Amino acid sequence: MSKVREQYEAFPYPERDPEEERKRLITGSPSLPQEMDHFVFGGQRDWSKPLRVLVAGGGTGDGLIQLTALLTQYGKPYEAVYVDLSEASRRVAEARAKVRGLENIRFVTGSLLDAGAFGEFDYIDCCGVLHHLPEPDAGFEALRGALAPGGGMGFMVYAPYGRSGVYPLQAAFGALYGDLPPKARIAKAREVYERLPEGHPFKANRNVNDHKSGDAGFYDLLLHTQDRAYDVPALLDVLERTGWALSGFTVPALYDPSRLADVPEGVGEAERMALAEQLLGTIRTHTAYAVPKAEARGPATAKNRNLVPQIKGVQAAQLARAVAQGQKVTLGSDGLSEVLTLPKEAAPLIGAVDGRRSLAEIAQVCRADPIGFGALWGKVEAKLAPWGMLLYSSVLR
């Protein structure tokens, strides 16, 4: 048994209690249906057709449960395949699906490197897995080979700067305790961790907290035997080499260096994103969407008035009231923030967003002339989209 599989058999990650599914649904990026539609399908997916989903390296099931539970709630058809090398993790994911009564899910114990054997998929979720492969390129390539035309992938890989202090500890713990079984390793490592000085780079790093969440989180963060991080250039390079193109990061504001410094004209987009990561220094994971290189495309925009806007992270009515009353609204992520500034005239447009009306319908409801609406909505999009708060999708219609 490989060290990685041994780890996840001993400590399925993340730690989840299936009974908690009766009380809450864990949500996040990637693989929210609205977000997926926005970044992969231009906000125009035909949701009457079943979505064929591969959850590659599904762990204890967060991505799988989120996606299938929401599609079930919205009444949208799907067929899902879950693949993971850990039987212990698979049992947790299966139990969570059973508690929710989710159907049309095939559970497989295996490797994502065999993704092509499971069929062809419209969408692939691969969150927190590729950076744990002995040859990550092979994983990117295998998933690309399993993608249907017009599809895409939501993924997360580790980033280096926000994980400062992690890799020296991984190396030291590996040298000291690499031959011990998982439970003995973690016991020894915890003893050492408690003796680390307060000025240690890891203890001073407020960006990572998994080690505080339990044994599975501590092990995954500090004792993993196969773990690498990608800075922006390395990530773009591996996507290029393996047939992918970046559609977009889920929080584009984090990759905009002009929020922190004056950037000379002529600096290309890839270099701008790399500069932003270096300047910010707090990005611990890259969460993004990718599409086939031959079908390169970006996220949806308001250029198409038939698109349906969705507000993420806050109720549209609540945000509209704040804008109308001139209240201070702070937008932020990973230590970066800004105060939302929008004209009060934008409030009715935001308030008309219900997840079902198209932009054209919102303009009609608000009795806005096309030119005036376009100018005002453009300001809304320019402020909310960079923080991942404005998406386009008709999944609720």
Side-chain angles (χ1 to χ4, degrees), residues 1-18 20-21 26 28 30-31 54-67 80-98 105-115 118 124-136 138-140 142-143 154-158 163 166-167 169-171 173-174 177-190 193 208-229 284-285 287:
M1 182 187 295
S2 72
K3 288 287 186 181
V4 173
R5 183 179 177 190
E6 181 184 51
Q7 169 186 335
Y8 291 119
E9 293 295 353
F11 299 108
Y13 177 82
E15 292 185 48
R16 296 290 183 243
D17 178 359
E20 288 292 311
E21 297 302 319
I26 296 172
S31 299
L54 173 66
V55 181
T60 52
D62 281 6
L64 173 77
I65 300 303
Q66 169 183 260
L67 181 52
V81 175
Y82 159 105
V83 180
D84 197 275
L85 53 77
S86 165
E87 293 183 2
S89 297
R90 169 184 167 170
R91 287 194 294 270
V92 175
E94 284 185 301
R96 293 173 70 184
K98 184 176 181 180
I105 303 173
R106 175 189 173 196
F107 289 91
V108 177
T109 300
S111 170
L112 65 81
L113 297 176
D114 299 321
F118 308 126
I124 296 172
D125 171 288
C126 192
C127 190
V129 182
L130 291 161
H131 47 234
H132 290 319
L133 296 177
E135 296 181 12
F140 280 98
L143 297 180
F155 68 95
M156 181 275 278
V157 294
Y158 292 148
R163 285 166 63 85
V166 169
Y167 293 106
L169 283 180
Q170 281 188 4
F173 288 150
Y177 312 124
D179 294 332
L180 297 179
K183 292 186 178 180
R185 289 188 77 197
I186 198 169
K188 290 288 187 181
R190 281 193 178 279
Y193 172 77
V208 288
N209 295 291
D210 271 7
H211 58 298
K212 301 176 183 179
S213 65
D215 284 350
F218 187 100
Y219 203 112
D220 198 70
L221 183 65
L222 296 177
L223 291 170
H224 213 294
T225 58
Q226 206 160 266
D227 182 336
R228 68 150 298 173
R284 66 189 186 279
T285 63
T287 305

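Keep in mind the model is a prediction, meaning the values are calculated, not measured.
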| said: So, using ring pair (Phe, Tyr, Trp, His ring centres under 6.0 Å) as the criterion, who are the partners of H224 when residues are at least two apart? | reply: Y8, H132
| field | Which residues share a salt bridge (Lys or Arg N to Asp or Glu O under 4.0 Å) with D227, sequence neighbours left out | value | R163
| Nearest atoms (heavy-atom pairs only) where G139 meets L112 | CA-CD1, 3.8 Å
| message | Please determine whether side chain to side chain contact (heavy atoms under 4.5 Å, CB included) holds for the pair F11 and D220, giving the CA-CA distance in whole Å, both sets of side-chain angles, and the decisive distance to 0.1 Å. | response | CA-CA 9 Å; F11 299 108; D220 198 70; over 6 Å; no
| query | Which pair of non-hydrogen atoms, one from P12 and one from A216, has the smallest distance, and what is that distance? | reply | O-CB, 3.5 Å
| Do E87 side-chain atoms and T109 backbone N/O form a donor-acceptor pair below 3.5 Å? | no
| field | Heavy-atom donor-acceptor pair, S111 side chain to L113 backbone, under 3.5 Å | value | yes
| task | Please name all residues satisfying salt bridge (Lys or Arg N to Asp or Glu O under 4.0 Å) with R91, sequence neighbours left out, ordered by chain then number. | result | none
| query | Is there a side-chain contact between L54 and L143, using heavy atoms and a 4.5 Å cut-off? | reply | yes
| Counting only N and O atoms by type, is there a donor-acceptor contact under 3.5 Å from the side chain of R16 to the main-chain atoms of V92? | no
| Taking S213 for the side chain and D210 for the main chain, is one N or O donor matched with an acceptor at less than 3.5 Å? | yes
| task | Would you sort out whether I186 and L223 count as a side chain to side chain contact (heavy atoms under 4.5 Å, CB included), showing the intermediate values? | result | CA-CA 7 Å; I186 198 169; L223 291 170; 3.9 Å; yes
| Minimal non-hydrogen separation, D84 against G58, with atom names | OD2-N, 3.3 Å
| said: Checking T225 now: which residues fulfil side chain to side chain donor-acceptor pair (under 3.5 Å) with it, not counting sequence neighbours? | reply: none
| task | Please list, chain by chain and in numerical order, all residues satisfying side chain to side chain donor-acceptor pair (under 3.5 Å) with R228, sequence neighbours excluded. | result | none
| Residues that K188 engages under side-chain contact (heavy atoms from CB on, under 4.5 Å), provided they are two or more places apart | Y177, L180, E191
| task | Could you give me the CA-CA distance, side-chain angles and deciding distance for K98 and E94, then say whether salt bridge (charged side-chain N to carboxylate O under 4.0 Å, His left out) is met? | result | CA-CA 6 Å; K98 184 176 181 180; E94 284 185 301; over 6 Å; no
| Partners meeting ring pair (Phe, Tyr, Trp, His ring centres under 6.0 Å) with Y13 (sequence neighbours left out) | none
| query | Are the side chain of K3 and the backbone of G178 linked by a donor-acceptor contact shorter than 3.5 Å? | reply | yes
| message | Applying ring pair (Phe, Tyr, Trp, His ring centres under 6.0 Å), can you list everything that pairs with Y193, at least two apart in sequence or on another chain? | response | H211, F218
| message | Test your reading of the model: is there a side-chain donor-acceptor pair from Q170 to the backbone of L222, 3.5 Å cut-off? | response | no
| query | Which atoms form the tightest heavy-atom contact between G63 and D125, and what is the distance? | reply | CA-OD2, 4.2 Å
| Minimum side-chain heavy-atom gap Y167-Y158 below 4.5 Å | yes
| message | Give me the atom names and distance for the closest heavy-atom approach of R185 to Y219. | response | NH1-OH, 3.1 Å
| request: For the residue pair L64 and I105, establish whether any side-chain heavy-atom pair is separated by less than 4.5 Å. | output: yes
| request: Taking the side chain as every heavy atom from C-beta outward, state whether P134 and Q226 have any pair of such atoms under 4.5 Å apart. | output: yes
| request: For Q7 and P182, indicate whether the former's side chain and the latter's backbone hold a donor-acceptor pair under 3.5 Å. | output: no
| message | If the condition is salt bridge (Lys or Arg N to Asp or Glu O under 4.0 Å), which residues does R96 pass it with, not counting sequence neighbours? | response | E21, D62
| Within a strict 4.5 Å, meaning less than it, do heavy atoms of the S31 and C127 side chains meet? | no
| query | So, does E20 use its side chain to make a donor-acceptor pair with the main chain of I26 at under 3.5 Å? | reply | no
| remark: In terms of heavy-atom contacts, A93 and I65 come closest through O-CD1, 4.1 Å
| F107: ring pair (Phe, Tyr, Trp, His ring centres under 6.0 Å) partners, not counting sequence neighbours | Y82
| field | For E15, salt bridge (Lys or Arg N to Asp or Glu O under 4.0 Å) partners two or more places apart | value | none
| said: Side chains of R190 and D215, heavy atoms from C-beta outward: is any pair under 4.5 Å? | reply: yes
| field | T60: partners by side chain to side chain donor-acceptor pair (under 3.5 Å), with sequence neighbours left out | value | none
